[in-house]
Number of protein chains: 2
Amino acid sequence: MSLTAIMYDRVMSRWEPNARGRLMHAALELYVSRGFEQTTVAEIAKLAGLTERTFFRYFADKREVLFWGAGELQELLVSTVAGAPDSDAPITVIGAAIEAAGVVFEERREGAVLRQSVIAANAELQERELIKLAALASAMADALRQRGVKDPGASLSAEAGIAVLKIAFERWINEASPQDLPQLIRELFDELKVVTGAI
Amino acid sequence: MSLTAIMYDRVMSRWEPNARGRLMHAALELYVSRGFEQTTVAEIAKLAGLTERTFFRYFADKREVLFWGAGELQELLVSTVAGAPDSDAPITVIGAAIEAAGVVFEERREGAVLRQSVIAANAELQERELIKLAALASAMADALRQRGVKDPGASLSAEAGIAVLKIAFERWINEASPQDLPQLIRELFDELKVVTGAI
DNA sequence: ACTCTGATGTCAGCGAATGACATCGCTCCC
DNA sequence: GGGAGCGATGTCATTCGCTGACATCAGAGT
């Protein structure tokens, strides 16, 4: 990343004060208050002070505006897998990565709950979430293969990790007294061992 | 199911010779030849000798026409879980169910390959497939809870089983010399035990 | 024949998404 | 300091997925 690029960003954001962020904020607000289906893209754009056409320049579709953070999350998972000690077993590596993701969510519980309430109310959004999770699993499996883990094991470990994340996240969101998500993740990995026959 | 209902079905199908089947066949043909996005619902309906409006009376959306079999599959999984011996461990029960699903696919490999080639080429279809798989996991988890399996274990076992199915199915589809799918599933369950720490 | 019912067709319309082109704000360079 | 250039945004038109309302039609039972 060159200095000019950094300056360029600053310049661009002065001329256009965070259009993407405004769109994301407006979309979430409307999705929460009226529901996803009852909100039109034109309404989101208007609330953000932009036009419908511009919305689709920032987001591939009406759903994607809720999933902007997925890229960062994937980077976190991949880099955690890549940076784990060579001696760690694949499932241990995946466990560390999922736990690191859990820490990030734990820091932003408010937003996560709000966002998830929108997603839970709409099947299309659940579909998008599932494909994002599948992409995370795929990326982690790649990262494991990069470490020399052979293939049925790499895919299985990654998918198992995502399964744990799904279940842990769901419980963490829905429970009245919020447990610590990273700890919940650790417990579920332990339970996974129990369930699969390891004592 | 009463006798009148059965006669009713026969009568209906004489007056309307399998409209749903015609639509499914027409859709698959066009999705394979032109691709999913390049096919309009109007074209499918025309090829089936019907109108666009009728298509949407049989299928909720353009994607759903490819996933009509999911209901049967879910019943198979659930009934297999429900019918397993009480003494079987949860993961064993899930293994039997997934294996039963594998047998069904094994009997219809031709169609599965064709169908999967369409799905693999389109992200929207992958999303739909993932939510169907998630529904299968959810149904199996319910069936396990019905057997008295407690909750983190029930969900984890079901999700792990679906993960195995996903990976096994993908390999089974893409390998040149087709392995036996049920056997592949058994091997992956064994590998899952290895991966999670059970030897 | 008559009616009743369920399947299908017709029509109008909304909203998501995209391509083509115009415009505007800013930076840079002379 | 006044264009030139460029990237972000707006405007316009269009396609297509999808839905509601209503009409129509084929056959079943009377």
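Predicted model, so just to flag it, every value in this text is computed and none were measured. Each chain gets a letter, A, B and so on, in the order its sequence line appears, and its residues count up from 1.
For the pair F55(A) CZ and dG15(C) P, the computed distance is 15 Å after rounding to whole Å. One interatomic measurement links the two molecules: CZ of R20(B) to P of dA7(C), which rounds to 10 Å at whole-angstrom precision. L50(B) places its CG atom 14 Å from the C1' atom of dC25(D), with the value rounded to the nearest Å. Rounded to whole Å, atom P of dG17(D) lies 16 Å from atom CD of E127(B). Taking atom NZ of K46(A) as the reference point, atom P of dG10(D) lies 14 Å away to the nearest angstrom. Put simply, CZ on F59(A) is 13 Å from P on dA17(C), counting in whole angstrom units. Protein atom CZ of F56(B) is 14 Å distant from nucleotide atom C1' of dG20(D), rounded to whole Å. Note: CG (L23(A)) to P (dT9(D)) measures 9 Å, nearest angstrom.
Atom CD of E175(B) sits in a crowded spot, with more than 12 heavy atoms from other residues, nucleotides or ligands closer than 6.0 Å. Within a 6.0 Å radius of CD in Q38(A), other residues, nucleotides and ligands contribute more than 12 heavy atoms.
Listed nucleotides: dT11(D), dA7(C), dA16(C). Nearest to the side chain of T51(A): dT11(D). When each of dA17(C), dG17(D), dT9(D) is scored by its nearest atom to the side-chain atoms of E52(A), the top-ranked nucleotide is dA17(C). Set against dT8(C), dC18(D), dA17(C), the side chain of K62(B) has dC18(D) as its closest nucleotide.
For the pair R145(A) and D142(A), the salt-bridge criterion is met [side-chain N within less than 4.0 Å of a carboxylate O]. With salt bridges taken as basic N to acidic carboxylate O contacts below 4.0 Å, none links K62(A) and E124(A).
Relative ring orientation between F59(A) and W68(A) is described as perpendicular, the plane-to-plane angle rising above 60° on a 0-90° scale split at 30° and 60°. Classification of the Y31(B)-F36(B) ring pair by plane angle, with boundaries at 30° and 60°, yields perpendicular.
The side chain to side chain contact (heavy atoms under 4.5 Å, CB included) check on V78(B) picks up Q74(B), A139(B), A143(B), with sequence neighbours excluded.
Contact between the side-chain N/O atoms of Y58(B) and the OP1/OP2 oxygens of dA7(C) is not found at any separation under 4.0 Å. The phosphate of dC16(D) (OP1 or OP2) has no side-chain N or O of T40(B) nearer than 4.0 angstrom.
Residue A42(B) is classed as having no contact, given no heavy-atom separation below 4.0 Å to the nucleic acid.
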Review item, nucleotides 20-22 of chain C N/O atoms under 3.5 Å of protein N/O:
none

